[in-house]
Asker: 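Submitted below is the structure of interest, expressed as structure tokens.
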Amino acid sequence: MRTLLVAACLVTVAAPAFADETEGHVLAFDRKDHVLVMADMTVWTLPSDLMVPADLGAGDRVHIVYTSDGDNGWKSIDALHRLAVALPPGTDGGS
């Protein structure tokens, strides 16, 4: 019983970081500095080794998976996936 209690306490203490996710439209992406600005004005500094689509640009819809650091914001960005490509200017996207 004591071993089970100790194990439960260790799991609780060892898991302060939680994986989370968000998605939205890209407003701008600076490839040199690895800075992604979303349409809602959130700014994400991407790690230099993160796989980012070569032609990622304004208007694209992306999904970001990151590890939360509780009240301290985010700890790391784990993945970025493009969900949709923006239509070229002047294109009618009607159905």
Side-chain angles (χ1 to χ4, degrees):
M1 180 68 173
R2 180 179 285 172
T3 305
L4 182 60
L5 182 60
V6 170
C9 288
L10 287 175
V11 168
T12 304
V13 172
F18 301 100
D20 210 343
E21 55 190 54
T22 188
E23 64 181 60
H25 288 95
V26 174
L27 182 64
F29 178 53
D30 183 342
R31 291 191 182 288
K32 182 178 176 188
D33 294 327
H34 306 284
V35 175
L36 180 68
V37 181
M38 304 298 285
D40 65 358
M41 297 307 194
T42 54
V43 178
W44 296 85
T45 302
L46 306 177
S48 59
D49 62 344
L50 185 71
M51 295 296 294
V52 178
D55 58 346
L56 183 70
D60 290 354
R61 185 161 184 79
V62 295
H63 175 248
I64 300 171
V65 179
Y66 62 96
T67 302
S68 177
D69 196 17
D71 292 337
N72 298 322
W74 52 270
K75 187 175 189 177
S76 65
I77 299 174
D78 306 317
L80 182 139
H81 308 282
R82 181 169 42 200
L83 301 176
V85 177
L87 293 173
T91 304
D92 180 14
S95 54

Asker: Could you tell me which non-hydrogen atom of His25 sits nearest to which non-hydrogen atom of Gly59, and how far apart they are?
Answerer: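 For His25 and Gly59, the tightest heavy-atom pair comes out as CD2-O, 3.4 Å.
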
Asker: Report yes or no: do Val62 and Ile77 belong to one cluster of Ile/Leu/Val/Met/Phe/Trp/Tyr joined by side chain heavy-atom distances under 4.5 Å?
Answerer: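 Same cluster: Val62 reaches Ile77 through Ile, Leu, Val, Met, Phe, Trp or Tyr contacts under 4.5 Å.
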
Asker: Heavy-atom distance under 4.5 Å between the side chains of Asp55 and Arg82, does that happen here?
Answerer: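 Result yes, sub-4.5 Å side-chain heavy-atom pair found.
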
Asker: Leu27 and Leu56: same hydrophobic cluster, using ILVMFWY side-chain contacts below 4.5 Å?
Answerer: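 They do not share one cluster, since no chain of ILVMFWY contacts under 4.5 Å joins Leu27 to Leu56.
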
Asker: With a 4.5 Å cut-off on side-chain heavy-atom distances among I, L, V, M, F, W and Y, is there a chain of contacts connecting Phe29 to Val65?
Answerer: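 Different clusters.
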
Asker: Any side-chain heavy atom of Val52 sitting closer than 4.5 Å to one from Leu36?
Answerer: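 Side chain of Val52 against side chain of Leu36, heavy atoms only: no contact under 4.5 Å found.
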
Asker: Give the cluster check for Val43 versus Met41: same hydrophobic cluster or not, with ILVMFWY residues linked at side-chain heavy-atom distances below 4.5 Å.
Answerer: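 Yes, Val43 and Met41 fall within the same hydrophobic cluster.
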
Asker: List the atom of Pro53, the atom of Leu80, and the distance in Å for their closest heavy-atom pair.
Answerer: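 Looking at all heavy atoms of both residues, the shortest contact is CD-CD2, 3.8 Å.
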
Asker: Looking at every heavy atom in both Asp40 and Thr42, which two are closest together, and how far apart are they?
Answerer: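 Distance-wise, the nearest heavy atoms are OD1-OG1, 2.8 Å.
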
Asker: How long is the span from the CD atom in Glu21 to the OG1 atom in Thr67, to the nearest 0.5 Å?
Answerer: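 Glu21 atom CD to Thr67 atom OG1 measures 11.5 Å (nearest 0.5 Å).
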
Asker: If you measure only the distance, is there a donor-acceptor pair under 3.5 Å linking the side chains of Ser76 and Asp78?
Answerer: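 Asp78 and Ser76 do have a side-chain donor-acceptor pair below 3.5 Å.
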
Asker: Look at the side chain of Asp60 and the backbone N and O of Ala86, then say whether any donor-acceptor pair between them is shorter than 3.5 Å.
Answerer: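 Indeed, once roles are kept as given, a pair shorter than 3.5 Å links the two residues.
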
Asker: Report yes if the side chains of Thr22 and Trp44 come closer than 4.5 Å at any heavy-atom pair, otherwise no.
Answerer: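 SC-SC contact between Thr22 and Trp44 confirmed.
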
Asker: Measuring from atom CD of Glu23 to atom CE of Met38, what distance do you get when rounded to the nearest 0.5 angstrom?
Answerer: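 Between Glu23 CD and Met38 CE, I get 8.5 Å after rounding to 0.5 Å.
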
